[in-house]
J.: 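The structure follows.
In the text below, chain A, chain B and the rest are named by the order of the sequence lines, each starting its count at 1.
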There are 2 protein chains.
Amino acid sequence: MNFYHSDNPASKCSVCVLGQFCLPVGITASDISKIDTLVKERVHLKKGESLYRHGDPLSSVYSVRFGTLKTEYALEDGRQQVIGFHLPGEIIGLDGIGEGQYQSEAIAVEESEVCIIRYEAFEDLARQIPALQQQFHRILSRELTQDQRHLLSLGTMRAEERLAAFLLNLSQRLAARGYLNHEFDLPMSRVEIASYLGIQIETVSRMLSRFAESGLVQIKQRHIKLIDVDGLYELAGIPNPERARILKKIP
Amino acid sequence: MNFYHSDNPASKCSVCVLGQFCLPVGITASDISKIDTLVKERVHLKKGESLYRHGDPLSSVYSVRFGTLKTEYALEDGRQQVIGFHLPGEIIGLDGIGEGQYQSEAIAVEESEVCIIRYEAFEDLARQIPALQQQFHRILSRELTQDQRHLLSLGTMRAEERLAAFLLNLSQRLAARGYLNHEFDLPMSRVEIASYLGIQIETVSRMLSRFAESGLVQIKQRHIKLIDVDGLYELAGIPNPERARILKKIP
DNA sequence: CGTTGCATTGACTGAGATCAATAACTGTGG
DNA sequence: CCACAGTTATTGATCTCAGTCAATGCAACG
């Protein structure tokens, strides 16, 4: 882990390209300068390094600057699962607020960098800037919704559907960040995908091969190209939000 | 749905026996009176009635006064799953904050009553009372942790383990509310349990019968008596928090 | 160019789903 | 109070998806 301290303008929240994700909308210039003072440090993580571990006291929450992190949750008997993958602009460490210590472990899936947001200072500032407080609540709430969608996937979907939904979700999130969304590199390994989806690595492999056979995707190792997006959506059992649906079901 | 409006003292948050769950600790007398003004209305729900539905605009969050509610999350193709059961003192509706409309549907599993907390007024008040704001963040964060534990259950545990963990979790939550925790009535049906655990109703039935055969529990319909709590914990693959563990693992 | 880690593919197995029948309870009205 | 319908739960028989075990393939790297 590599810490940075910086006052140079390029590290300011207000000029960060991710502002759309981690900054609240509709705040004044003076608010912005306050927010800028909040984030003075960053951490650089090499692949496999932990940002925090289960049980570490909560001092900060973190905003991903670049790279990808996974959060893992462990059962007392040693079994563990990847709970989430976190892309640039997303906030992690929120599960530490409840008990004052992180409940999960956050690990870099690839080389990554995160902004450190001192939690106490943040909470104070949120009280002063209503828009910031509201945005924080929205972030927490969306996190809940995200987990609930994931629950639905693990509870009701078959392996094939889970994987299709996973690829599409990743694609959507990449698109929202302005990346190519129909062709990208998976930052995570098959093991990590399998763990996240609650299936075995062999099943991930088989399903990906099957998708490729069916002409839904092209895969070369971790490089993936979505060919038939509609087909994937259909397979996942969810409607394609990329095309406005004019048709209604006629019963 | 039956609305109440009330200024009578018995309906005040400050005297509600659930205060320990929904009120922040360490607040002043004047804060208490402000909080009391926040919750003026309650809703009475008969079994099966919805408190809110997916897509309803968020106006309030709710605190369960008595009874049990379930929240269900639906997939676009009609599949749906019970995401959580909510006991007295727990807050529901938080998933509505992110998008300004509820993402799930909340339904009474048995006759229930909830306090209405107008969300905008609550957010304002939270800004004025730091302890309230902190408590709210803790509640949101614990909700996240709860969902993550649930994810782990659906992702890595076998049916048997999920059911054992479910019974123990319910028992713990009842104990925290001062109820009998080793003998109680399940408020929810087998269908609802199965949905929550991501398994089939027949499997729930079979596993319960198996638990009874093994002398772990006694079951008569929805009435359940935990006989061998340690055995259940072992089966669930989690340590028993009810007995302080002096022993350490010797490698 | 072997070694090491990650991914794919095949053969077999098993936990839990599905289908089906029965049993037990709940509530209703005569 | 009983009969009946309707719901909810249990139990059995069979099937299937995905897990497990095992072998092979493929990159990257010292």
Side-chain angles (χ1 to χ4, degrees), chain A residues 46-48 68 70 79 81-82 107 109-111 153-167 185-214 216-224 235-237, chain B residues 46-48 68 70 79-82 107 109-111 153-167 185-214 216-225 235-237:
Chain A
K46 289 205 284 282
K47 178 175 171 173
T68 311
K70 62 177 173 182
R79 280 181 288 186
Q81 184 174 359
V82 174
I107 303 167
V109 153
E110 58 180 340
E111 186 168 15
S153 155
L154 299 197
T156 69
M157 288 177 146
R158 289 177 308 112
E160 200 178 47
E161 299 172 308
R162 292 184 207 183
L163 187 58
F166 169 73
L167 293 176
D185 284 302
L186 294 168
M188 66 292 284
S189 69
R190 301 287 192 270
V191 176
E192 288 162 336
I193 296 174
S195 170
Y196 178 77
L197 296 177
I199 57 183
Q200 289 315 109
I201 170 178
E202 293 92 333
T203 305
V204 173
S205 214
R206 271 186 256 273
M207 295 300 152
L208 280 177
S209 303
R210 193 190 292 178
F211 287 179
E213 272 174 48
S214 319
L216 293 165
V217 301
Q218 279 173 15
I219 309 163
K220 194 192 250 181
Q221 297 294 119
R222 295 201 180 178
H223 189 83
I224 190 154
L235 189 62
Chain B
K46 288 205 283 282
K47 178 176 171 172
T68 311
K70 63 177 173 183
R79 282 182 288 186
Q80 57 179 44
Q81 185 174 359
V82 174
I107 304 166
V109 153
E110 59 181 339
E111 186 167 15
S153 157
L154 299 197
T156 70
M157 289 177 145
R158 291 178 306 114
E160 200 179 48
E161 299 173 309
R162 291 183 207 183
L163 187 58
F166 169 73
L167 293 176
D185 285 301
L186 295 168
M188 66 291 284
S189 69
R190 300 288 192 269
V191 176
E192 288 161 336
I193 295 174
S195 170
Y196 178 77
L197 297 177
I199 56 183
Q200 289 314 110
I201 171 179
E202 292 94 330
T203 305
V204 172
S205 215
R206 272 186 255 273
M207 296 300 152
L208 281 177
S209 302
R210 193 191 291 180
F211 288 179
E213 270 174 49
S214 320
L216 293 165
V217 302
Q218 278 173 17
I219 310 163
K220 195 190 248 180
Q221 294 296 118
R222 296 202 182 178
H223 189 82
I224 190 154
K225 190 170 174 180
L235 189 63

J.: Whole Å only: how far is the CD1 atom of A:Ile224 from the P atom of C:dA7?
T.: 13 Å

J.: In whole angstroms, how far is the P atom of D:dA18 from the CE atom of B:Met157?
T.: 21 Å

J.: Would you compute the distance between atom CZ of B:Arg162 and atom CE of B:Met157 and round it to the nearest 0.5 angstrom?
T.: 9.0 Å

J.: Taking the side chain as every heavy atom from C-beta outward, state whether A:Ile193 and A:Leu163 have any pair of such atoms under 4.5 Å apart.
T.: yes

J.: Return the value, rounded to whole Å, for the distance between atom NE2 of B:His223 and atom C1' of D:dT8.
T.: 19 Å

J.: Roughly how many Å is it from CZ in A:Arg210 to P in C:dT8, rounded to a whole number?
T.: 14 Å

J.: Does the side chain of B:Gln200 get closer than 4.0 angstrom to OP1 or OP2 of C:dT18 through an N or O atom?
T.: yes

J.: Please work out if A:Ser205 contacts a base, only the sugar-phosphate, or nothing of the nucleic acid, heavy-atom cut-off 4.0 Å.
T.: base

J.: By nearest atom, which of the nucleotides D:dA9, C:dT8, C:dG16 is closest to the B:Arg222 side chain?
T.: D:dA9

J.: Write down the distance between NZ (A:Lys220) and C1' (C:dC6), rounded to a whole number of angstrom.
T.: 17 Å

J.: Between A:Arg79 and B:Glu161, does any NZ, NE, NH1 or NH2 come within less than 4.0 Å of an OD or OE carboxylate oxygen?
T.: yes

J.: Whole angstrom is fine here: how far is it from CG in A:Leu208 over to C1' in C:dT8?
T.: 10 Å

J.: In terms of side-chain heavy atoms of A:Ala159, which of C:dG16, C:dA7, D:dA18 is nearest?
T.: D:dA18

J.: Do B:Glu202 and C:dC19 have a side chain to base donor-acceptor pair shorter than 3.5 Å?
T.: yes

J.: Looking at B:Ser209, I'd like to know whether one of its side-chain N or O atoms comes within less than 4.0 Å of OP1 or OP2 on D:dT11.
T.: yes

J.: Round to a whole Å and report the spacing from CZ of A:Arg190 to C1' of D:dA18.
T.: 18 Å

J.: Do the side chain of B:Arg206 and the base of D:dG12 come within less than 3.5 angstrom through a donor-acceptor pair of N or O atoms?
T.: yes

J.: Measure from the side chain of A:Ile199, starting at C-beta and using heavy atoms only, and say which of C:dA7, C:dA17, D:dG19 lies closest.
T.: D:dG19

J.: If only side-chain N and O atoms of A:Thr203 are considered, is one of them under 4.0 Å from the OP1 or OP2 phosphate oxygen of D:dG19?
T.: yes

J.: Taking CZ from B:Arg158 and C1' from D:dA18, how many angstroms apart are they, rounded to a whole number?
T.: 15 Å

